[in-house]
Amino acid sequence: MPSTRSAEQLTKYEKIESFVKGFKLSGSAYKRVMALLHQEMINGLKHHSQGGADIKMFPTFVRSLPDGSECGEFLALDLGGTNFRVLLVRLQGHDVEIQSKTYLIPQRIMLGTGIQLFDHIADCIGKFVVEHDLQNHQLPLGFTFSFPCQQEGLAKARLSKWTKGFRCEGVVGKDICQLLQEALQRRTNCHVEIVAVVNDAVGTLMSAAHGDRNCEIGLILGTGCNACYMEGLDNVGTWKHGEDQDHHPRQVIINTEWGAFGDNGCLDFMRTEYDHELDTFSINPAKQIMEKMISGMYMGEIVRLVLVRLSHENLLFTSADRDCNLFERGRFYTKYVSEIESDTDEFFRNTKQVLDELQVENYTTEDCKVVKYVCTLVSARAAFLAAAGLATLINRLNKQDMTIAVDGSLYRFHPRFHNLMCLKIKELVKPGLKFKLSLSHDGSGKGAALTAAVSLRLRNLKMTTSGEENGKNLATQTISVKA
Ligand code: ADP
Ligand code: MG
């Protein structure tokens with residue numbers, strides 16, 4: 001009865017479609033996102049509205065991009081995601097040498113006290129310094145700290161809130177540089193001075209701008225999602241009078257913290273039942289709404305929730321055991337999405353391997369097709385939403401040629417993310433504006449060190465112009481910086 005069977009199939013696909021259609025959004029929906037996002041950004045930049053704005057648009061105190069003259073030996077720290085790393089970065093013009101070591105941050109520390117966290121970090125730095133025989137070196141440190149911070153100086157940043165997997169007690173509202181410097185004093189004998197704290201988006205931008213003059217936007221697609229860009233100082237109403245200095249260009253990198261876009265409900269028109277469920281079971285309900293629709297920490301879980309729903313509706317894995325890992329929260333990793341979407345033929349090798357890992361039994365080729373389809377819908381929405389964000393920034397900056405520095409495992413490893421983003425940005429930017437997405441290498445290490453180097457260069461310049469005595473300054477002791 002071939003005709004009846006195809007009628008049944010059709011209904012099945014129609015049914016599946018009804019459970020996933022929320023991920024398919026029109027061009028006008030993304031244009032609406034852009035208009036909302038731009039308004040929120042403007043609110044975040046204005047002094048009188050920043051307090052109530054979801055997107056904080058933090059001025060970073062990074063006022064200048066690298067110019068290639070940066071030299072010296074730096075430590076860098078990368079904290080704020082999946083891995084914690086300590087890096088030794090040696091800069092010599094465009095030659096950059098990096099040695100690094102990854103350390104584990106146990107869950108009990110991620111959810112413990114601030115003191116425990118910073119003591120742990122200081123211990124890791126202490127070990128690293130000994131292993132690299134740097135005990136007697138004066139080391140300027142660039143700290144990549146990828147959580148929303150209100151900066152009061154290049155090396156003074158108060159944590160606004162924890163995001164991603166972290167929730168350490170007693171840190172919100174405190175200056176994280178001071179907490180780290182105190183921990184270093186308590187726990188080590190090394191001569192480390194924190195000279196700059198940046199987030200990973202800023203590090204990514206700094207790192208790519210080192211070799212590309214057109215680069216003025218940085219984007220992270222990793223555990224979280226965030227962007228930064230170079231803004232004219234006159235547009236930054238939150239920039240306090242007196243913080244400006246003559247020798248700086250009238251510009252500053254803005255850390256948008258756009259992951260929080262939608263926290264006021266303005267994206268609810270495009271959220272699906274799966275987004276709501278993911279949010280309910282997250283450690284920060286109702287927060288980081290845009291981030292939860294895009295980033296690596298959540299994408300796999302969204303896919304899993306759809307698959308579970310389809311399976312409960314008997315549209316998928318009809319003979320699978322309901323106790324298998326697929327039905328457990330957090331078990332469907334975002335890397336699976338990349339692997340599944342890398343299947344290009346009807347053998348579904350990767351998809352089958354993932355389903356085996358999840359202990360799904362008795363699945364069919366038909367099931368594999370549906371699983372891959374769900375992955376493509378969820379990842380395309382993420383890529384398009386990130387693209388809408390970038391298009392908003394590209395239009396705002398309105399430059400002929402713009403390079404966007406991108407970092408993060410989701411961008412790096414997902415087989416279609418780059419192409420999907422380019423496609424959508426083209427559709428959304430003003431005619432005539434050209435752009436390029438470029439993978440930034442080691443933004444959190446090289447970028448943090450470059451920020452420290454630029455800061456020392458400007459510090460030196462200031463001292464030269466004001467005729468100050470250099471005295472014990474680190475900049476003159478350990479590194480030569482061309483002013
Ligand atoms: P971080 O943002 O923490 O510095 P990464 O850039 O490595 O670190 O991003 C980690 C995130 O990337 C995790 O949420 C993980 O799920 C996701 N991820 C890791 N591997 C892949 C992959 N192959 N494809 C897509 N996402 C991945
Ligand atoms: Mg990172």
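Read the numbers this way: they start at 1 and go in the same order the structure lists the ligands and their atoms. The structure displayed is predicted, hence computed values, not measured ones.
Ring centroids of Phe281 and His276 are separated by 6.0 Å or more, keeping the two rings apart.
In terms of protein heavy-atom proximity, atom 26 (N) of ligand 1 is closest to Thr334 CG2, 3.5 Å. The protein heavy-atom contact nearest to atom 21 (C) of ligand 1 is Lys335 CB, 3.6 Å. The shortest contact between atom 23 (N) of ligand 1 and any protein heavy atom is with Phe413 CB, 3.2 Å. Ranking protein heavy atoms by distance to atom 6 (O) of ligand 1, first place goes to Ser409 N, 2.8 Å. When only non-hydrogen protein atoms are considered, atom 13 (C) of ligand 1 lies nearest to Thr82 OG1, 4.0 Å.
Figure legend: cation-pi geometry between Lys101 and Phe128 absent, as NZ or CZ is not positioned both under 6.0 Å from the six-membered ring centre and within 45° of its axis. Cation-pi check for Lys161 over Phe147 is not met; the charged atom does not lie both under 6.0 angstrom from the ring centroid and within 45 degrees of its normal.
Taking a cut-off of under 4.0 Å to the non-hydrogen atoms of Met297, the atoms of ligand 1 that pass are 14 (O). Taking every non-hydrogen atom of Ser338 and a distance limit under 4.0 Å, the qualifying atoms of ligand 1 come out as 22 (C), 23 (N), 24 (N), 25 (C). Atoms of ligand 1 found under 4.0 Å from any heavy atom of Gly408, numbered from 1 in the order shown, are 6 (O). Within the listing of ligand 1, atoms 14 (O), 16 (O) sit less than 4.0 angstrom from a heavy atom of Gly296. Every atom of ligand 1 with a heavy atom of Thr223 under 4.0 Å away is listed here by number and element: 1 (P), 2 (O), 3 (O), 8 (O), 9 (O), 10 (C), 11 (C), 14 (O).
Between Asn83 and ligand 1, no N or O atom pair is found at a separation short of 3.5 Å. The shortest N or O to N or O distance between Asp200 and ligand 1 is not under 3.5 Å.
Ionic pairing of Glu346 and Lys369 is not present here: no N-O contact between side-chain nitrogen and carboxylate oxygen is shorter than 4.0 angstrom. The pair Asp343-Lys352 fails the salt-bridge criterion, with no side-chain N (NZ, NE, NH1 or NH2) lying under 4.0 Å from an Asp/Glu carboxylate O. For Arg331 and Glu301, the salt-bridge test fails: no basic side-chain N is under 4.0 Å from an acidic carboxylate O. A salt bridge is absent between Arg158 and Asp175: the closest approach of a Lys/Arg side-chain nitrogen to an acidic carboxylate oxygen does not fall below 4.0 angstrom.
By the neighbour-count criterion of 12 heavy atoms within 6.0 Å, atom CD1 of Ile115 is sparsely surrounded, having that number or fewer from other residues, nucleotides or ligands.
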